[in-house]
Q: 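Here it is, the structure in full.
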Amino acid sequence: AHDITALIRAREEQAARARVLESTLTRLRGGVARFDENMRLTVANPAYESLIGLTGGAVHAGMTHRDIIGLLDEIGEFTANGEAGAVRVLMERDRAFGSTRERRRPSGEVLRFDTQPMPDRGSLVEVTDITALKKAEDEAKRRAAMLDGMLAALPHGIVVY
């Protein structure tokens, strides 16, 4: 007879930890997707799918990044000719080095994609909705341009100390 209490306890602890991690991943507002070295999706949270424009379980483990881009292209997420291909190339190139890029969806939302390499040659992609930030930035640029125009039109010199 062998005492397997420690093994059973370890399995229970591992299962409990997996439930906590899955619950946490599900509740994140930002999107997270993990790809393996062959660019196959291993895990993604619901926010990833909804932020990029897909719904209803369209994204699932085993899909390639190319499959996901293809789905997005089919539903009209890429408005510029060749944009889907460019995104494929960027992801495949940048997965080994990491990158940050922005993309405006046809709906007007602006997303930031942070890609970082993983030790197993896979990659982690984080998606954040930065629409409000971009609107504030655009408004600040607009106001600065308006102020520059007003100052340039004044017949008097102005010095600010």
Q: What are the two closest non-hydrogen atoms of Phe97 and Pro117, and how far apart are they?
A: C-CD, 4.0 Å

Q: Show, in sequence, the C-alpha distance, side-chain angles and deciding distance for Val59 and Ile68, and conclude whether the side chain to side chain contact (heavy atoms under 4.5 Å, CB included) test is met.
A: CA-CA 7 Å; Val59 174; Ile68 295 169; 4.2 Å; yes

Q: Distance from Ser123 atom OG to Met39 atom CE, nearest 0.5 Å?
A: 4.5 Å

Q: Restricting to non-hydrogen atoms, name the atom on Ile52 and the atom on Arg105 that form the minimum distance, rounded to 0.1 Å.
A: O-NE, 4.0 Å

Q: How about Thr42 and Asp36: does a side-chain donor come under 3.5 Å of a side-chain acceptor?
A: no

Q: So that I can tick it off, tell me whether Arg142 and Glu139 are bridged by a salt bridge, with the cut-off set at under 4.0 angstrom between side-chain N and carboxylate O.
A: yes

Q: Under the criterion side chain to side chain contact (heavy atoms under 4.5 Å, CB included), I'd like the reasoning laid out for Glu102 against Ile130: C-alpha separation, chi angles, the key distance, then a yes or no.
A: CA-CA 9 Å; Glu102 294 176 6; Ile130 60 168; 3.6 Å; yes

Q: Is atom CD of Glu22 surrounded by more than 12 heavy atoms (other residues, nucleotides or ligands) closer than 6.0 Å?
A: no

Q: Would you call Arg143-Asp148 a salt bridge at under 4.0 Å N-O?
A: no

Q: Taking NZ, NE, NH1 and NH2 as the nitrogens, is one of them in Arg88 or Glu92 under 4.0 Å from a carboxylate oxygen of the other?
A: no

Q: Main chain of Val125, side chain of Thr115: is a donor-acceptor contact present, judged purely on distance under 3.5 Å?
A: no

Q: If you measure from CD1 on Ile4 to CZ on Arg9, what distance do you get to the nearest 0.5 Å?
A: 12.0 Å

Q: Are Met118 and Tyr48 linked, directly or through intermediate hydrophobic residues, by side-chain heavy-atom contacts shorter than 4.5 Å (ILVMFWY only)?
A: no

Q: Under a 4.0 Å threshold between the charged nitrogen and the carboxylate oxygen, would Arg103 count as salt-bridged to Glu77?
A: yes

Q: Within the distance-only criterion (no hydrogens, no angle test), does the side chain of Asp129 pair as donor or acceptor with the backbone N or O of Arg112 below 3.5 angstrom?
A: no

Q: Roughly how far apart are Asn45 CG and Ser50 OG, rounded to 0.5 Å?
A: 8.0 Å

Q: If I take atom CG from residue Leu111 and atom CZ from residue Arg101, how far apart are they, to the nearest 0.5 angstrom?
A: 9.5 Å

Q: Walk me through whether Thr128 and Arg29 qualify under side chain to side chain contact (heavy atoms under 4.5 Å, CB included).
A: CA-CA 8 Å; Thr128 309; Arg29 291 186 184 142; over 6 Å; no

Q: What heavy-atom pair brings His65 and Val87 nearest, and what distance separates the two atoms?
A: CE1-O, 4.3 Å

Q: Answer yes or no: is there an ion pair linking Glu137 with Lys134, defined by an N-O contact shorter than 4.0 Å?
A: yes

Q: Rounded to the nearest 0.5 Å, how far does CG of Leu51 lie from CZ of Phe113?
A: 8.0 Å

Q: What distance separates Glu74 CD from Ile69 CD1, expressed to the nearest 0.5 Å?
A: 12.0 Å

Q: Step through the shown structure and confirm whether more than 12 heavy atoms of other residues, nucleotides or ligands are within 6.0 Å of CZ on Arg121.
A: no

Q: Closest heavy-atom contact between Pro106 and Gly76?
A: CG-O, 3.4 Å

